[in-house]
Amino acid sequence: MTTSAPPDAAPVTTETGWRIALAAVLAATFMGQVDGFVVTVAAPSVQQDLPATFGQIQLVGAVYVLAAAAGLITGGRLGDRFGRRRIFLWGVALFTVASLACGIAPNAETLIAARFVQGAAAALLIPQELALIRTMFDDDNRRARAISAYGAVVGLGTIAGIAGGGLLVHADVAGLGWRAVFLINIPIGLAILLAGRRTIPESASTAAPGLDLAGAALTAVALPALLLPIVMGQEETPAAWLWLSALIGVAAAAALALQQWRSRDRASALFPPHVLTAPGMPTGLAAIGVFFAGNAGLFLVFTYYTQTGLGFAPLAAGMMFAPLGCGFALGSAFSDRLAARFGPRLPVAGCLFLAAALATQLLVVRAHEDVQPVLLGITIGIIGLAEGLVVSPLIAGIFAQVNADDAGAASGAAATVVQIGLAGGFATVGSLYRFVLGGTPGDTETTQDLSSHSTAYSAAIAVLVVGALTTSVLCSLRLRAARHRVA
């Protein structure tokens, strides 16, 4: 039995209406980004207050990523079928309730369970965000401005999660300590629900695609099983159960690929072949994955270097990300204007600019220790500017390859690739830093002077430069494939 999808509402046309609708969507984006990173800063306080073991603290961060990654594609297809606004609002409501559960959690086990529910809720709302932007605005200029705003919010949400979380914990608002980083979501979530219900138009795929339950089940096994060893197996040689998880992930991924290829109903497949194989889509998704892997790697090694290399306190190290956030917001704000002038070539040039900006870090770490903080602040701001110029047109390029009916599937695929990129970048670049350093940052049993940290940081930055150049090449290949399609 098929459930008919709700009809598309007319795109928002009034100035006030589209601003409020976009604000509701972007507020959810911000909330989800913050909660993906905020636990990193709050972890020591959580561990001491509950109390919790180090393994439990790892799970507090990991289960959010795993639950989100497992459900992003399914969330996108649910939006296509039952209505993107409807699924978006359900996701926001569930995320808000889960945030309350996190904020009042009496023990580590409850917090871990609530974080899993938060991740599942994020899997419902995240794919709808870009899909709603794709369908809400029928004017290309407004859509470009909306996607630019989305890119800025993604960057600011990440920075707020790292720096703002530290500020909230440090301020100890109303004596809540770390709990405030979760409870602050409650008024935000309620405001999104109120504004979104009134202003966001409903949209769904006109084909009313069916649900690929087998594909959803295999995805729910494959992605967490593959990501778990990446997220939790970095401190030392992975335990046997992590190797087992990786094997299960590979087997489930192979079964998923076979099931999708043999699917009789290609239109309802969780990974629709016509979407994933659209001209330029494979290289576009690869570019997104490599770009966000570099993003995660930079955040991690920059934190390592400022805290354990230069000896900054956690709060001061977190505030060092402020210039990156400001640069990112500025770059995102101007990216739509530059895209109007340079067209789809902007991500290609932007990634070359990013590679050059990252390379300046190789010179900064050779400067005297007293001037490094200032130079790091300036150069990290330039890096943020370069990243801001890339994100929005890179994402927009994905949606240029598909029609509105497939917006949810494309959004879910892009969001899943982002999660895989973040986890992979965190693991690979972080592991490289520790390998070159010769030990875990902060470990008193190994020699870790500023010189050894500079060497490790330089090695990581060199890899990130290669990643930025690779992203530029992938963007160029995507552009070439799109041109062949037009021809």
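Below, each value reflects all heavy atoms present in this structure, side chains not excepted, and no hydrogens, waters or symmetry copies. Residues: numbered from 1 along the sequence shown.
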How close do [X] and [Y] get, heavy atom to heavy atom, and via which atoms?
X	Y	value
S332	S335	O-OG, 2.8 Å
L358	A468	CD1-CB, 4.3 Å
G189	T96	CA-OG1, 3.4 Å
V290	G467	CG1-O, 3.5 Å
L66	P224	CD2-O, 3.7 Å
G297	L464	C-CD1, 4.4 Å

Checklist entry - What is the ring orientation for Y433 with Y457, classed by angle as parallel under 30°, tilted 30 to 60°, or perpendicular over 60°? => result perpendicular
Checklist entry - Is the number of heavy atoms from other residues, nucleotides or ligands under 6.0 Å of I184 CD1 greater than 12? => result no
Return yes if some donor-acceptor pair links the side-chain N/O of [X] with the main-chain N/O of [Y] below 3.5 Å, else return no.
X	Y	result
T416	L72	no
T428	G424	yes
R179	A105	yes
R115	V60	yes

Item to check | Option among V97, L94, N185, V63 that satisfies the side chain to side chain contact (heavy atoms under 4.5 Å, CB included) test with Q118 | outcome: N185
Checklist entry - Given F88, which of I192, L124, I126 fulfils the side chain to side chain contact (heavy atoms under 4.5 Å, CB included) condition? => result I192
Within this structure, what is the [atom1]-[atom2] distance for the pair [X] and [Y], rounded to the nearest 0.5 Å?
X	Y	atom1	atom2	value
L376	T360	CG	OG1	9.0 Å
T29	L125	OG1	CG	8.0 Å
I188	F95	CD1	CZ	9.5 Å
S454	I461	OG	CD1	11.5 Å
I133	Q128	CD1	CD	12.0 Å
I112	F116	CD1	CZ	12.0 Å

Does the side chain of [X] reach to within under 4.5 Å of the side chain of [Y], using non-hydrogen atoms?
X	Y	answer
T455	V365	no
H453	L310	no
C475	L394	yes
L244	I248	yes
P373	F312	yes
N107	L50	no
V391	F328	yes
L385	F353	yes

Next on the checklist: Could you walk me through whether L298 and V429 satisfy the side-chain contact (heavy atoms from CB on, under 4.5 Å) test, starting with their C-alpha distance in whole Å, then the side-chain angles of each, then the deciding distance to 0.1 Å, before giving a yes or no?
Outcome noted: CA-CA 8 Å; L298 175 64; V429 181; over 6 Å; no
Checklist entry - Side chains of Y305 and Q372: do they bring a donor and an acceptor to under 3.5 Å? => result yes
Checklist entry - Are Y150 and V25 close enough, and set up right, to give a side-chain contact (heavy atoms from CB on, under 4.5 Å), and what steps lead you there? => result CA-CA 9 Å; Y150 174 86; V25 173; 5.6 Å; no
Checklist entry - Going through the distances and angles, do L247 and W243 end up as a side-chain contact (heavy atoms from CB on, under 4.5 Å)? => result CA-CA 6 Å; L247 289 174; W243 287 111; 5.6 Å; no
Checklist entry - Which is it for F182 and L100 under the side-chain contact (heavy atoms from CB on, under 4.5 Å) test, yes or no, and what are the steps along the way? => result CA-CA 7 Å; F182 296 112; L100 174 62; over 6 Å; no
Item to check | Stepwise ring-ring contact (aromatic ring centres under 6.0 Å, His included) test for F321 and F299 | outcome: CA-CA 8 Å; F321 282 93; F299 291 162; 5.7 Å; yes
